[in-house]
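We number each residue from 1, following the sequence as shown.
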Amino acid sequence: IGGLTAIREYMFVFGGLVFLSKVYSTVTGAVYPAFGLVFGKAINTFSLTDPHERRTQGDRNALYFFVIAVISTLCIGVQNYMFGATAASLTSKLRSIGFRAILRQDIEFFDKDENSTGQLTSSLSDNPQKIHGLAGVTLGAIIQSAATLIIGVIIGISFAWQLGLVGLACVPLVVSAGFVRLHVVVLKDQKNKKAHEESAQLACEAAGAIRTVASLTREEDCLRLYSESLDGPLRESNRTAFYSNLLYALTQAMSFFVIALVFWYGARLVSFQKFGTFQFFVALQTTVFGAIQ
């Protein structure tokens with residue numbers, strides 16, 4: 001009963017910290033749309049004909065930028081600290097529960113090859129660390145990005161609905177471009193690492209039994225087997241390098257294609273006097289640049 005009570009208290013405190021972290025992440029996500037509003041107002045200030053009014057509005061906009069910078073600094077710092085602290089606490093709890101579960105296993109559990117000392121120690125270290133990676137700063141970045149996208153689209157549509165809808169239609173292209181970059185850069189490294197596991201295992205076995213290898217004069221055979229184990233990953237890497245790099249280059253340029261489209265359509269709407277330059281820059285900054293962020 002005491003253990004259950006302690007777990008309930010822990011989950012209550014953990015949930016409260018995560019909720020506060022989400023609040024700060026949402027505020028951080030609203031920073032860039034707020035920047036877009038002030039930026040559009042600052043651009044519109046340059047069209048004022050009265051020098052005194054132009055200077056007054058410019059100073060006020062500069063003050064708004066400074067306030068946004070201060071709020072962003074505080075929110076990002078608190079967000080990263082709270083998510084890091086909650087993730088570290090959760091990781092520590094998971095490691096404690098996992099170690100307790102290992103100690104309570106039967107003898108035959110440890111006789112299996114997949115339950116060796118090194119494997120259990122590695123699992124105890126790596127698996128909670130994966131939870132830490134998701135529940136920590138990464139979760140804050142996900143919430144922050146979602147808040148930036150949602151708030152930016154709402155502001156863009158409210159100021160210039162035609163341009164905001166065009167920017168909203170281009171959001172999947174920009175977001176998918178980021179996903180492709182993630183797949184090409186990060187997931188390809190993981191695939192290469194998995195492809196080289198066989199060769200790495202072969203090298204470890206040969207190095208661990210180097211005395212036996214040397215006594216049997218099998219150095220050349222080990223070198224040949226190791227080289228052959230590298231041929232497969234090398235061919236696969238060369239085969240996919242061209243297409244993956246071409247796709248990566250296309251996704252890198254996708255943001256500029258979208259900016260060009262929205263800028264061209266927005267310029268046409270401004271020329272037709274559908275709305276002013278202030279609404280145009282606000283919609284451009286909050287929708288397109290918000291999606292890129």
Please find the pair of heavy atoms, one from [X] and one from [Y], that lie closest to each other, and give the distance.
X: Leu173; Y: Met254; answer: O-CG, 3.8 Å
X: Ile155; Y: Pro33; answer: CD1-CB, 3.7 Å
X: Gln285; Y: Phe289; answer: O-CB, 3.2 Å
X: Asn61; Y: Ala42; answer: ND2-CA, 3.4 Å
X: Val262; Y: Gly167; answer: CG2-CA, 4.3 Å
X: Ser25; Y: Phe83; answer: OG-CE1, 3.0 Å

Q | Phe65 ring center within less than 6.0 Å of Phe35 ring center | A |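 That pair passes the under 6.0 Å test.
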Q: Go through Phe275 and Val270 one step at a time and tell me if the side-chain contact (heavy atoms from CB on, under 4.5 Å) criterion holds.
A: CA-CA 6 Å; Phe275 47 77; Val270 171; 3.8 Å; yes
Does [X] reach the side chain of [Y], with side-chain heavy atoms less than 4.5 Å apart?
X: Val171; Y: Thr287; value: no
X: Leu63; Y: Asp59; value: no
X: Leu261; Y: Cys170; value: yes
X: Leu74; Y: Ile71; value: no
X: Thr56; Y: His52; value: yes

Check whether more than 12 heavy atoms from other residues, nucleotides or ligands sit under 6.0 Å from atom [atom1] of [X], and answer yes or no.
X: Gln273; atom1: CD; value: no
X: Phe110; atom1: CZ; value: yes
X: Phe278; atom1: CZ; value: yes
X: Phe109; atom1: CZ; value: yes

Q) Can you list the steps and then say if Gln57 with Lys41 is a side-chain contact (heavy atoms from CB on, under 4.5 Å)? A) CA-CA 9 Å; Gln57 294 293 335; Lys41 189 174 180 60; 4.0 Å; yes
[X] side-chain N/O to [Y] backbone N/O, donor-acceptor pair under 3.5 Å:
X: Ser271; Y: Arg268; result: yes
X: Gln105; Y: Ala101; result: yes
X: Thr148; Y: Gln144; result: yes

Q: Test salt bridge (Lys or Arg N to Asp or Glu O under 4.0 Å) on Arg54 and Asp50 and set out the steps.
A: CA-CA 6 Å; Arg54 188 166 58 246; Asp50 186 6; over 6 Å; no
Do [X] and [Y] sit in one hydrophobic cluster, given that two such residues count as connected whenever their side-chain heavy atoms are within less than 4.5 Å of each other, even indirectly?
X: Ile43; Y: Trp264; value: yes
X: Val258; Y: Val166; value: yes
X: Ile150; Y: Ile157; value: no
X: Val288; Y: Leu269; value: yes
X: Met82; Y: Leu139; value: no

Q: Run the numbers on Thr28 and Gln79 for side-chain hydrogen bond (donor to acceptor under 3.5 Å, both in side chains), then give the verdict.
A: CA-CA 8 Å; Thr28 304; Gln79 165 194 332; 3.1 Å; yes
Q: Decide side-chain contact (heavy atoms from CB on, under 4.5 Å) for Ile154 and Ile151; before the verdict, give the C-alpha distance in whole Å, the side-chain angles of both, and the deciding distance to 0.1 Å.
A: CA-CA 5 Å; Ile154 292 175; Ile151 296 174; 5.7 Å; no
Q | From Tyr265, Phe159, Phe272, Phe263, residue fulfilling ring-ring contact (aromatic ring centres under 6.0 Å, His included) relative to Phe280 | A |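 Per the ring-ring contact (aromatic ring centres under 6.0 Å, His included) rule, the option paired with Phe280 is Phe263, out of Tyr265, Phe159, Phe272, Phe263.
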